[in-house]
Amino acid sequence: MRVLVTGGVGFIGANFVRLTLRERPEVAVTVVDAMTYAANPETLAEFGDAIEFIKGDIADPALMDDLVSRTDLVVHFAAESHNDNSLVDPSAFVQTNIVGTYTLLEAVRRHGVRLHHISTDEVFGDLPLHTDERFTEATPYNPSSPYSSTKAGSDLLVRAWVRSFGIHATLSNCSNNYGPYQHVEKFIPRQITNVLSGVRPKLYGEGTNVRDWIHVDDHNDAVWTIIDRGTAGETYLIGADGECDNTTVVQTILELLGQPTDAFDRVTDRPGHDLRYAIDSTRLRTELGWQPRYVDFRSGLSATVDWYREHEAWWRPFKDAVESTYARTETVIG
Ligand code: NAD
Ligand code: TDX
């Protein structure tokens, strides 16, 4: 069996490739990745010829046609993934997330190949703080940002191709991932690498926003569960009951790195900042029998802090560019 992993050099895609090579030796892996700013060539370098690597754009119809024609399964991670970037310039988000997904769908339709589409809980918008409300498969779409609206658009294209053309596709919407190989623009790696660089962590606004954290290996294990046992045409929500507010995340990182827990800055809030995400993953757990392995967020975070401490050569070349981009829009407010 050959699997085509789009965006396989990115954070979640690369962890998916690692998990697959580790646990599914019978699966041959092809990675297609445009190698945008978000892809670090070192991430999969150690695997050499153990994977087929193609540098290319998912919005390239001839390339997608060729790659899809010679695979059994497509797992589609490729996307522009960072909300803050989408607020500065949404164009690449529309191009990759919508036009790219459309291009891939047309290739999948032509060749009758199975697709698993990776998406986010942000398509549902946000939830109020301090309630028990959680997203389910029945929650209506209500995205807030250019990023989440283009992901919502890509989900709707997949669903329409299932209904109108009968393609064999499944979808998943997952909550916030953390773990190794995440780009330093994202919240957790940004704060860990700030502290490791002697810089104070930067918390948006009041820091009361809540995210539902899941370890990237749990996300990818759930993706394989859906590929193995999911029903064609269906959507599954993936979450590990890891709700935590941003201030607590920053304080835990500071504590794990031996710093005072008030040694952070509050900076200008993100425009349209979603308040809270929370996933009800009952369907995935009861129908498909999936369970997360990383149920203690603090110990998963501690292992992630250790990973960044031990892999400075991987993240350091990206750090200055990210921080100078943030410096253009961010002002310390407290
Ligand atoms: P990432 O930004 O780390 O990686 C994205 C990868 O896609 C990069 O390697 C990039 O080079 C590649 N890419 C971008 N445009 C491309 C194009 N046009 N053609 C081919 N490759 C292209 O993102 P991530 O955090 O690994 O997210 C992967 C997927 O998971 C995305 O679809 C995202 O929406 C979804 N997701 C992410 C999270 C999260 O917490 N990070 C949560 C839920 C869902
Ligand atoms: O420096 C920061 N300070 C801060 O307070 C950054 C970068 C973020 N934040 C806040 C904003 C959010 O409330 O931390 C929270 C997490 O921010 P991000 O890491 O940017 O993630 P988020 O916007 O929640 O989206 C992530 O999860 C869902 C991924 O980037 C998406 O790809 C995924 O779909």
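Counting convention: from 1, in listed order, for ligands and their atoms alike.
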With side chain to side chain donor-acceptor pair (under 3.5 Å) as the test, pick out the partner of Trp290 among Thr225, Asp218, Asp221. Asp221

Is a salt bridge present between Arg211 and Glu122, judged by a nitrogen-to-oxygen distance below 4.0 Å? no

Would Lys151 count as a contact of ligand 2 if the rule is a heavy atom under 4.0 Å away? no

Heavy-atom distance to atom 17 (C) of ligand 1: which of Gly13, Gly56, Ala34 wins? Ala34

Those atoms of ligand 2 less than 4.0 Å from some heavy atom in Gln191: 1 (O), 2 (C), 3 (N)

Among the heavy atoms of Thr6, does any lie under 4.0 Å from an atom of ligand 1? no

Looking only at distances, can you tell me whether any N or O atom of His76, backbone or side chain, sits closer than 3.5 Å to an N or O atom of ligand 1? no

Report yes or no: do Asp155 and Tyr141 form a side-chain donor-acceptor pair below 3.5 Å? yes

May I ask you to list the atoms of ligand 2 that are less than 4.0 angstrom from any heavy atom of Thr120? 28 (C), 33 (C), 34 (O)

Can you tell me if Tyr147 has a non-hydrogen atom under 4.0 Å from ligand 1? yes

Can a non-hydrogen atom of His273 be found less than 4.0 Å from any atom of ligand 2? yes

Among side-chain atoms of Asn97 and Tyr102, is any donor-acceptor pair under 3.5 angstrom? no

Looking at Asn83, which atoms of ligand 2 are within less than 4.0 Å of one of its heavy atoms? 22 (P), 23 (O), 25 (O)

State whether a side-chain donor-acceptor pair under 3.5 Å links Trp224 with Glu23. no

Side chains of Asp245 and Thr208: any donor to acceptor distance under 3.5 Å? no

Considering heavy atoms of the protein only, find what lies nearest to atom 34 (O) of ligand 2 and give residue, atom and distance to 0.1 Å. Tyr147 OH, 2.5 Å

Assess whether atom CZ of Arg22 is packed by more than 12 heavy atoms of other residues, nucleotides or ligands within 6.0 Å. yes

Less than 3.5 Å apart, any donor N or O on the side chain of Ser145 or Ser148 sitting next to an acceptor on the other? yes

Is it the case that ligand 1 has an N or O less than 3.5 angstrom from some N or O of Ala39? no

Does a side-chain heavy-atom distance below 4.5 Å link Thr103 with Asp60? no

State the atoms of ligand 2, each with its element, that fall below the 4.0 Å cut-off from a heavy-atom position in Lys186. 19 (O), 30 (O)

Taking non-hydrogen atoms only, is Ser175 closer than 4.0 angstrom to ligand 1 via side chain, backbone, both or neither? backbone

Around atom 23 (O) of ligand 2, find the nearest protein heavy atom and jot down its residue, atom name and distance. Arg270 NH1, 2.6 Å

Heavy atoms only, cut-off 4.0 Å: how does Phe187 contact ligand 1, side chain, backbone, both, or neither? neither

Going by distance only, is there an N or O of Asn177 that falls short of 3.5 Å from an N or O of ligand 1? yes

Any nitrogen or oxygen of Thr36, main chain or side chain, under 3.5 Å from a nitrogen or oxygen of ligand 1? yes

Tell me whether Ala59 reaches ligand 1 (any heavy atom closer than 4.0 angstrom to a ligand atom). no

Pairs flagged by salt bridge (charged side-chain N to carboxylate O under 4.0 Å, His left out) wherever residues 7-18 is involved - sequence neighbours left out: Arg18-Glu46

Would you say Thr96 and ligand 1 have an N/O pair spaced under 3.5 Å apart? yes

With heavy atoms only and a cut-off of under 4.0 Å, state how Met35 meets ligand 1: side chain, backbone, both or neither. backbone

Identify, for atom 27 (O) of ligand 2, the protein heavy atom at the shortest distance, and state residue, atom and that distance. Asn176 ND2, 3.0 Å

Val9 neighbourhood, listing ligand 1 atoms whose heavy-atom distance to it stays under 4.0 Å: 9 (O)

For Asp132, does the CG atom have more than 12 heavy-atom neighbours from other residues, nucleotides or ligands under 6.0 Å away? no

Six-ring centre of Tyr326, Arg190 cation under 6.0 angstrom, axis tolerance 45°: yes

Short N/O distance, under 3.5 Å, between Ala78 and ligand 1? no

Asp57 to ligand 1: N or O pair under 3.5 Å? yes

Taking 4.0 angstrom as the limit and counting only heavy atoms of Tyr277, give me the atoms of ligand 2 inside it, by number and element. 24 (O)

Assess the pair Tyr178 and Phe297: is the distance between their ring centroids shorter than 6.0 Å? yes

Is there any N or O on Asp33 that sits under 3.5 Å from an N or O of ligand 1? yes

Less than 4.0 Å is my threshold; does some heavy atom of His183 fall inside it relative to ligand 1? no

Which residue in the set Phe318, Trp307, Trp315, Phe16 passes ring-ring contact (aromatic ring centres under 6.0 Å, His included) when paired with Tyr181? Trp307

Numbered atoms and elements of ligand 2 in range of His82, under 4.0 angstrom, heavy atoms: 20 (O)

Heavy-atom proximity to atom 7 (O) of ligand 1, picking from Ala14, Gly8, Gly7, Ala92, points to Gly7

Within-shell test, Gly100 vs ligand 1, heavy atom, strictly < 4.0 Å: no

For atom 5 (C) of ligand 1, which candidate among Ser81, Ala79, Ala38 holds the nearest heavy atom? Ala79

Exactly one of Val305, Asn194, Thr252 should register a side chain to side chain contact (heavy atoms under 4.5 Å, CB included) with Leu257. Which one does? Val305

A quick test of your reading: do over 12 heavy atoms of other residues, nucleotides or ligands sit less than 6.0 Å from CD of Glu206? no

